[in-house]
Amino acid sequence: MKEARPQPPILRQKKNHLPDDIVLDILARLPVKSLLRFRCVRKSWYFRITSPNFISTHLKLCQNQGYVIHMPTINLDNQDLKVACDRTFDGISEFKIPFSFQSGLAFLVGSCNGLLCLSDFRLQNSLINNVFFGFNDVYLWNPSIRKYKKLPDTCLSQLHLAKVGFAHHSQKNDYKVVRISRPFSEPMPPPEAEVYTLSSDSWKRVGISWRPNVIFYKFSCVKPFPFVSGHLHWMLDMIEEGGGQEIRYIEMILTFDVNSEKFKELPLPDDHSFKDGKNLTSIKEKLALAKFEQQPHGMLCCIWVMREYGVCESWNKLCVVPVVTHTCFIGFTKYGSLLIQKKTQEICSLEDKYVLIDPETLCEKETSIQAIHPLVIATYMENLALLDGANVISY
């Protein structure tokens with residue numbers, strides 16, 4: 001009986017070969033750490049994994065979402081970000097910020113699909129020697145692939161009291177940074193704005209339609225500016241001159257459309273109560289406003305939600321949540337829970353508790369977050385963005 005002759009290697013390879021579309025589908029479901037290793041398997045895998053189409057597909061299939069927690073501090077040896085679980089906020093890992101700022105103080109501008117934007121929260125001196133907060137250097141950073149880049153210098157004439165927002169342009173799978181500078185001079189001129197686009201690696205000026213009779217304005221929130229329905233949002237307090245000696249005080253939202261790159265105004269809800277603080281934020285991908293009012297036995301937090309984006313009449317009072325007097329608003333989770341810092345006294349301490357509150361049931365749940373300073377929290381997920389590109393630095 002004749003022995004079966006072994007198949008030539010080329011035939012065995014074809015028999016065990018998987019179609020390219022199946023291989024790509026398998027790769028697109030793998031964690032980032034594995035994909036970084038698999039780039040070295042063969043040249044074709046390298047080009048596929050680093051292609052924009054594959055990066056976009058991998059992002060859509062990624063289900064590992066959590067939160068990144070940043071505690072701004074001037075301690076240069078403790079510039080870390082913590083990654084926490086989706087619902088419990090239990091710590092998973094830590095990332096040390098691989099770059100530094102001249103002021104020694106980093107600020108988390110925002111997070112889009114796991115790509116982080118950080119800025120220098122530096123002190124600047126105005127023309128009358130008062131001290132203001134402003135931004136100068138800006139970085140994009142992807143901790144999951146250990147890469148970052150510093151953005152080019154501003155194209156504006158000068159930066160004063162600058163505010164920065166970070167957004168994802170979903171139609172082109174691109175990322176944009178918007179910076180608004182409030183010039184400091186008398187009379188107060190309109191703000192200047194510029195937009196950075198990752199794909200072109202450059203800034204450009206954009207115009208802001210501005211009311212003609214504004215004599216004073218300021219940004220009224222220090223939290224990261226919410227990105228909702230393809231728009232970035234800033235909340236402003238303004239003083240406008242009317243006819244004769246009339247002075248009007250106006251609160252409004254300035255929005256930026258990342259697709260058209262146009263600014264426009266949105267009104268806040270018509271609510272003249274709750275005057276002890278306000279924060280523009282988002283709840284379950286909808287624009288929201290949290291307003292606070294001091295009461296004799298504590299504080300109330302009134303939550304408004306814009307049910308239909310851009311429709312002023314759709315502002316709806318969701319609920320009123322009682323909170324303790326010394327409370328610091330942090331934000332909302334993607335499930336709609338309110339996260340606050342309960343302070344035992346006016347200044348922050350290690351005894352402070354970070355608590356999740358269900359706005360519907362008012363049930364409270366203490367988290368494992370421990371921090372002295374107020375936190376900045378944003379969603380986080382693994383992503384391949386910044387895998388390749390101009391001026392990208394690996395560490």
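For the pair E194 (side chain) and R179 (backbone), a donor-acceptor distance under 3.5 Å is absent. The backbone N or O of H231 lies less than 3.5 Å from no partner atom in the side chain of T255, so there is not a single donor-acceptor pair. Judged by distance alone, with hydrogens and angles left aside, the side-chain atoms of R146 form no donor-acceptor pair with the main-chain N or O of P143 at under 3.5 Å. Listed for the S56 side chain is no donor-acceptor partner under 3.5 Å among the backbone atoms of N53. Within the 3.5 Å criterion, the main-chain N or O of S337 finds a donor-acceptor partner in the side chain of T333. In terms of modelled atom types and a separation under 3.5 Å, the side chain of E382 and the main chain of S144 share no donor-acceptor contact. In this structure, N142 contributes its side chain and A385 its backbone to a donor-acceptor pair below 3.5 Å.
A heavy-atom distance below 4.5 Å is found between the side chains of D174 and T197. Using a 4.5 Å heavy-atom cutoff, the side chains of F329 and L338 are in contact. The closest side-chain heavy-atom distance from Y196 to V178 is not below 4.5 Å. For the pair F47/F54, no side-chain contact is recorded, criterion being any heavy-atom separation below 4.5 Å from C-beta on. Side-chain contact between I97 and H70 is present, with heavy atoms from C-beta onward closer than 4.5 Å. V214 has its side chain out of reach of M188: every pair of non-hydrogen atoms, C-beta onward, lies at least 4.5 Å apart. In this structure, V138 and V109 have side chains that are not in contact, with every pair of non-hydrogen atoms separated by 4.5 Å or more. Counting heavy atoms from C-beta on, the side chains of P226 and L287 come closer than 4.5 Å.
The aromatic rings of Y395 and Y148 are tilted relative to each other, their planes meeting at an angle between 30° and 60°.
R29 pairs by the salt bridge (Lys or Arg N to Asp or Glu O under 4.0 Å) definition with D25, not counting sequence neighbours.
Among the candidates F166, F256, W234, the single residue satisfying the ring-ring contact (aromatic ring centres under 6.0 Å, His included) test with F225 is W234. Considering H168, K176, H169 as possible partners of K172, the one that fulfils the side chain to side chain contact (heavy atoms under 4.5 Å, CB included) test is H169.
The distance between the ring centers of Y67 and Y380 does not fall below 6.0 angstrom.
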Do E94 and V83 pass the side-chain contact (heavy atoms from CB on, under 4.5 Å) test, and can you show the C-alpha distance, the side-chain angles, and the key distance before you say yes or no? CA-CA 6 Å; E94 290 188 7; V83 178; over 6 Å; no

Residues F99, I393; criterion side-chain contact (heavy atoms from CB on, under 4.5 Å); working and verdict: CA-CA 10 Å; F99 42 84; I393 298 173; over 6 Å; no

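Using a 4.0 Å cut-off between charged nitrogen and carboxylate oxygen, R248 and E240 count as a salt-bridge pair. Between E261 and R205, none of the side-chain N atoms (NZ, or NE/NH1/NH2) sits under 4.0 Å from a carboxylate O, so this pair counts as no salt bridge. K278 and D237 are joined by a salt bridge, as a carboxylate oxygen and a charged side-chain nitrogen come within less than 4.0 angstrom of each other. In this structure, K365 does not pair ionically with D358, as no charged nitrogen and carboxylate oxygen lie closer than 4.0 Å. D257 and K264 are not joined by a salt bridge, as no carboxylate oxygen comes within less than 4.0 angstrom of a charged side-chain nitrogen.
Taken from OG1 in T154 to CG in D137, the straight-line distance is 11.0 Å, to the nearest 0.5 Å.
Residue pairs meeting the side chain to side chain donor-acceptor pair (under 3.5 Å) criterion with at least one member in residues 298-310, sequence neighbours excluded, are H233-Y309, D271-W304.
Y175 and N113 share a side-chain donor-acceptor pair at under 3.5 Å.
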